[in-house]
Amino acid sequence: IVTYNTIIDGLCKSKRLDKAWMIFETMNSMGVNPDACTYNVLVDSLCKAGKEDEALKLFEQTVEGRRTINPITFSALLNGFCRKGRADEAVRLHNLVLRTGHVPDHITYTTLIKGLCNIGKTDDALKLFKEMVQRGVSPDVVAYSVLLSGLCKASRVDEAVQLLNLMIEKGPVPDIVTYNILLDGFCKVQKVDQAMDLLKKLSELGLTADMCTYNTLLDGLFKSGKCTDAMNLYQELTTNGSQMDIITYRIVLSGLCERGDLDDAVKFFYSVVRKGYSPKSAICSTLLDKLCKAGKVDEAAKLYEEMQRRICVPT
RNA sequence: AAUCGGGUUUUGAGAGC
């Protein structure tokens, strides 16, 4: 049975689903009964192939046939539904299974909470978070962060701050990701100043800002029109030798374009390209478009050639 | 363990409706 499971899993992982199912049939006809592990693999692979409904059917069959619910199969199934934006259905399934006394672990709860947030059902996510606590499953830093992110994305930053305070008071210790989420939340509701204040407090909290922190703030500064502040921050990062990533460059480049600083944008573009990055075609196109509209068609043409050489394809 | 699984930053334009 272990051999069969290993083979089926291997086939599923290399996307040879049809072949995997053939082996499954073979094992049945040879009188080798599939076990929980076999079904875990199959349910998961159906989900990953976008066939959640078939996965659900298979899951139901195993529940009837074996009269037990395997938590791994079930969480694979819930994952599949959540990934597809079907978190509400996942929660319905979760509620059914909950009645049989199966309480999911903190990761599965987090998956569901994130799924709900992704489809904008933030209140349901909050409810589920409370249920989780009531059921004696302690939310870890990721669970809190996911919920925090959901609140921020729904522009409910005040509630996010409350949640952070709750967390500080009697939850897991927030990490840099938690704060990055909140920083982004502030930025997105045009409270960049609050975000910058929070940045200063990070070191007091014993946390080190990472590139994601700075990217968030750079973008926030640009988008709220504080281009000078943004460029100052960028300079600061350059001089202290921070390791920029492609995302930093995209933010700065589009920030410069947005401001209409085409000369700087073009200069910046070349400096990025010299570092060996190829900016996304989207940004190349923006840059070209802005240049053309500013009447600098010649420059745009030159840039276009350069872009072609660098294998980024502006459309 | 032969099997699933969770968090943060960027992502263009035009046309049409």
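Just so we're clear, the structure is a prediction, and the values are computed from it rather than from any experiment. Reminder, nothing fancy here: chain letters follow the sequence lines and each chain counts from 1.
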How close or far is atom [atom2] of [N] from atom [atom1] of [X], stated in whole angstroms?
X	N	atom1	atom2	value
A:Leu199	B:U8	CG	C1'	15 Å
A:Leu11	B:A2	CG	P	17 Å
A:Ile181	B:U8	CD1	C1'	5 Å
A:Lys84	B:G5	NZ	P	17 Å
A:Leu128	B:G6	CG	P	17 Å
A:Leu148	B:U8	CG	C1'	10 Å
A:Ile251	B:G12	CD1	P	13 Å
A:Lys114	B:G6	NZ	C1'	8 Å

With heavy atoms under 4.0 Å as the rule, sort [X] into base, sugar-phosphate or nothing.
X	result
A:Thr110	base
A:Thr178	base
A:Asp210	nothing
A:Asn70	nothing
A:Val177	base
A:Ile247	base

Name the closest nucleotide to the [X] side chain, picking from [options].
X	options	value
A:Asn5	B:G5, B:A2, B:G6	B:A2
A:Asp35	B:U8, B:A2, B:G7	B:A2
A:Val141	B:G7, B:A2, B:G6	B:G7
A:Lys153	B:G6, B:U10, B:U8	B:U8
A:Ser145	B:G7, B:G6, B:U9	B:G7
A:Thr216	B:U9, B:U8, B:G6	B:U9
A:Thr108	B:A2, B:U9, B:G5	B:G5
A:Thr6	B:U8, B:G6, B:A2	B:A2

message: Is it true that A:Asn215 and A:Thr248 share a donor-acceptor pair across their side chains at a distance under 3.5 Å?
response: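 Their side chains do contain a donor-acceptor pair, which is all the 3.5 Å distance test asks for.
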Base [N] paired with [X] side chain (donor-acceptor, <3.5 Å):
X	N	result
A:Asp140	B:G6	yes
A:Asp105	B:G5	yes
A:Asn180	B:G7	no

task: Using a 4.5 Å cut-off on heavy atoms from C-beta on, say whether the side chain of A:Ile1 contacts that of A:Met27.
output: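 Yes - at least one pair of side-chain heavy atoms lies under 4.5 Å apart.
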Judged by atom type as modelled, is there a donor-acceptor pair below 3.5 Å linking the side chain of [X] to the main-chain atoms of [Y]?
X	Y	result
A:Asn28	A:Phe24	yes
A:Thr108	A:Pro104	no
A:Ser149	A:Ser145	no

task: State whether A:Lys188 places a side-chain N or O below 4.0 Å from either non-bridging phosphate oxygen (OP1 or OP2) of B:U10.
output: yes
query: Between B:G5 and A:Lys48, is there an OP1 or OP2 to side-chain N/O distance shorter than 4.0 Å?
result: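 Yes.
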- line: Closest non-hydrogen contact found for A:Gly220 with A:Val192 is O-CG2, 3.7 Å
query: Honestly curious: do A:Ile72 and A:Phe74 fall in one hydrophobic cluster under the side-chain, below-4.5 Å linking rule?
result: no
